[in-house]
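Let me begin by presenting the structure, written as structure tokens, before commenting on it.
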Number of protein chains: 2
Amino acid sequence: MALTREAVVGAAVGILREFGLADLSMRRLARDLNVQVGALYWHVSNKQELLVEVAAELLSSPALTAGTAARPPAAAATWRGDILHLGSSLHTLLLPVPDSAEVVQVARVLAPERLAPLTRMTETFTAAGLTPERAASAQSLVVNHVLGAVAEAQNRADFEITGSATDYRWALERALDGLLPPVAHDAGNGRAAGE
Amino acid sequence: MALTREAVVGAAVGILREFGLADLSMRRLARDLNVQVGALYWHVSNKQELLVEVAAELLSSPALTAGTAARPPAAAATWRGDILHLGSSLHTLLLPVPDSAEVVQVARVLAPERLAPLTRMTETFTAAGLTPERAASAQSLVVNHVLGAVAEAQNRADFEITGSATDYRWALERALDGLLPPVAHDAGNGRAAGE
DNA sequence: ACCTGAACACCGTTCAAGT
DNA sequence: ACCTGAACACCGTTCAAGT
């Protein structure tokens, strides 16, 4: 039963799920795997790379990987639905995993290309008519909002804060209102979504 | 020259500004202040409380504290301008301070009431007609976006990443388009901003 | 190729004891 | 009241040496 990279990442995900990021240390990981700390560094070059791998695994759920395969052209109104669905799937997926928003944030900074569902969201924005730069900015707005909402909800639970949780979904929909203005189908003005 | 709480916070802000969060340790702070580590704990109960203080000081700039004093009633169109101004002031203020977005995030979780400018932004949203819950959610969207943009720009610099920075301001304006729909002054329909 | 043992240079926090 | 000295229980990372 040799130690593998997958085993290391898997154990890391397990610790995160059960105990959170504070307990996810290289030494704790080694102890759980009955191995010396140094052994981990044969399979993973450092902790940051491990966290990227953990985030990638968290976002590899089928709930996020589905969709966008083949879309009938000119189904414009569904781009919004795709993004809304992606955002709320992300939210429900991360909510039960402590500190998952922080981990995804780190991964987004270090290796955004490893987080396929987030890349797909940017692509959806461009498909909806935004320029690449604006699509990146729009994705950033949406993802920051969802991750922020997850982090807030988790911390609210941790600190036993009273008061109502903020309605992340309402703000998400309003953001999409601004980012993807509805195509006007009342009069015949051919104004596109971008510009 | 007795050690004071203000001196501790001031030195912490200095380390953050010059070297970033990685170098802002209690031990480094004590060394810079020519004091034993334990001494810090007389003036500050733990590191988290210190970070809240650091964030509060970062956001105590006059650029963020101004405005909203007395507004002529029914100057509805300027709520948007106020928020836009607050958001971009926050951005330009934090951008030169390494890891400042992370520090503010921590403070926002631990003691949001200590960050007056952010509270003021929520108040502006309610003044613009949103319910308290929605105002909180709208503020969260905007602040997460600005902090995310700051963090991204700083990391882009750290890792010498090529490619254009995302246009945070465009997305911010689109978000406000959705959050604060313009009052319709073409026909005489009295639809309010909320709902 | 893969892992151990042991070191290096750090952390945050606590607390008796001093002044 | 305020600070020192010293400890406790940790960190991430490296690397010669073993197998």
Side-chain angles (χ1 to χ4, degrees), chain A residues 1-56 98-99 102-107 109-111 155 158-159, chain B residues 1-56 98-99 102-107 109-111 155 158-159:
Chain A
M1 40 184 295
L3 189 62
T4 65
R5 179 178 237 253
E6 290 71 36
V8 173
V9 174
V13 172
I15 293 177
L16 186 70
R17 292 200 121 94
E18 278 197 71
F19 307 101
L21 196 54
D23 282 12
L24 181 42
S25 68
M26 299 303 274
R27 303 181 106 103
R28 163 72 184 269
L29 198 50
R31 214 183 317 134
D32 284 19
L33 289 165
N34 291 311
V35 128
Q36 295 296 112
V37 222
L40 300 177
Y41 286 85
W42 183 261
H43 299 278
V44 131
S45 60
N46 52 42
K47 191 181 180 179
Q48 293 200 333
E49 184 184 299
L50 176 63
L51 289 180
V52 168
E53 228 60 33
V54 167
D99 305 318
E102 282 89 332
V103 175
V104 173
Q105 281 281 26
V106 170
V109 161
L110 297 178
N155 286 311
D158 285 5
F159 292 102
Chain B
M1 42 183 295
L3 190 62
T4 65
R5 180 178 236 252
E6 289 70 35
V8 173
V9 174
V13 171
I15 293 177
L16 186 70
R17 292 199 120 95
E18 278 198 70
F19 308 101
L21 195 54
D23 282 10
L24 180 42
S25 70
M26 299 302 274
R27 302 181 106 104
R28 163 73 185 268
L29 198 50
R31 213 182 318 132
D32 284 19
L33 289 164
N34 292 312
V35 128
Q36 294 297 112
V37 222
L40 300 177
Y41 287 85
W42 183 262
H43 300 279
V44 132
S45 60
N46 53 42
K47 192 181 180 180
Q48 294 200 333
E49 184 184 299
L50 175 64
L51 289 180
V52 168
E53 228 62 32
V54 168
D99 306 317
E102 283 88 331
V103 174
V104 173
Q105 282 282 26
V106 169
V109 160
L110 296 177
N155 286 311
D158 285 5
F159 292 103

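Each chain gets a letter, A, B and so on, in the order the sequences are listed, and its residues count up from 1. Hydrogens, waters and symmetry mates play no part in the numbers below; they use all other heavy atoms, side chains included. Everything numeric here is computed off the predicted structure, so don't read it as measured data.
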With a 3.5 Å cut-off and sequence neighbours excluded, list the donor-acceptor pairs that the side chains of residues 6-18 of chain B form with protein atoms.
none

Problem - Length of the OH-C1' vector between B/Tyr41 and C/dC15, whole Å - result: 13 Å

Exercise for the section: Determine the interatomic distance between P on D/dA9 and the same-named atom on C/dA9; round to the nearest Å. Expected result: 23 Å

Practice task
Rounded off to whole Å, could you give me the CG-to-C1' distance for the A/Asn46 and D/dC11 pair?
Solution key: 15 Å

Problem - Sequence neighbours excluded - salt bridge (Lys or Arg N to Asp or Glu O under 4.0 Å) pairs with any residue from residues 39-53 of chain A - result: A/Arg5-A/Glu49, A/Arg5-A/Glu53, A/Glu53-A/Arg114

Problem - Separation between CG of B/Leu33 and CZ of B/Arg31, rounded to the nearest 0.5 Å - result: 11.0 Å

Fill in the blank from the handout: d(B/Gln36 CD, B/Leu3 CG) to nearest 0.5 Å is 12.0 Å

Exercise for the section: Quickly, which of A/Leu21, A/Val103, A/Val104 forms a side-chain contact (heavy atoms from CB on, under 4.5 Å) with A/Val54? Name it, please. Expected result: A/Val103

Fill in the blank from the handout: Distance col, row A/Thr4:OG1 vs A/His43:NE2, nearest 0.5 angstrom, shows 7.0 Å

Between the protein and nucleotides 2-4 of chain C, which nitrogen or oxygen pairs come in under 3.5 angstrom?
residue, atom, partner, partner atom, Å
C/dC2, OP2, A/Trp42, NE1, 3.2
C/dC3, OP1, A/Leu3, N, 3.0
C/dC3, OP2, A/His43, NE2, 2.5
C/dT4, OP2, A/Gln36, N, 2.9

Exercise for the section: Might you point out which heavy atoms bring B/Pro98 and B/Gly20 nearest each other, and give the distance in Å? Expected result: CB-CA, 4.0 Å

Completion exercise
Residues of residues 22-31 of chain A with a heavy atom under 4.0 Å from any atom of DNA chain D, listed by number, are A/Ser25, A/Met26, A/Arg27

Completion exercise
So the stems of DNA chain C, runs of at least three Watson-Crick or G-U pairs (under 3.5 Å), are C:4-8 with D:12-16, C:12-16 with D:4-8

Practice task
Using side-chain contact (heavy atoms from CB on, under 4.5 Å) as the criterion, point out the one residue from A/Val106, A/Leu110, A/Val109 that pairs with B/Asn155.
Solution key: A/Val109

List the atom pairs, with distances to 0.1 Å, where a side-chain N or O of residues 22-30 of chain A and a protein N or O form a donor-acceptor pair under 3.5 Å, not counting sequence neighbours.
residue, atom, partner, partner atom, Å
A/Asp23, OD2, A/Arg28, NH1, 3.4
A/Ser25, OG, A/Arg28, N, 3.0
A/Arg28, NE, A/Asp32, OD1, 3.3

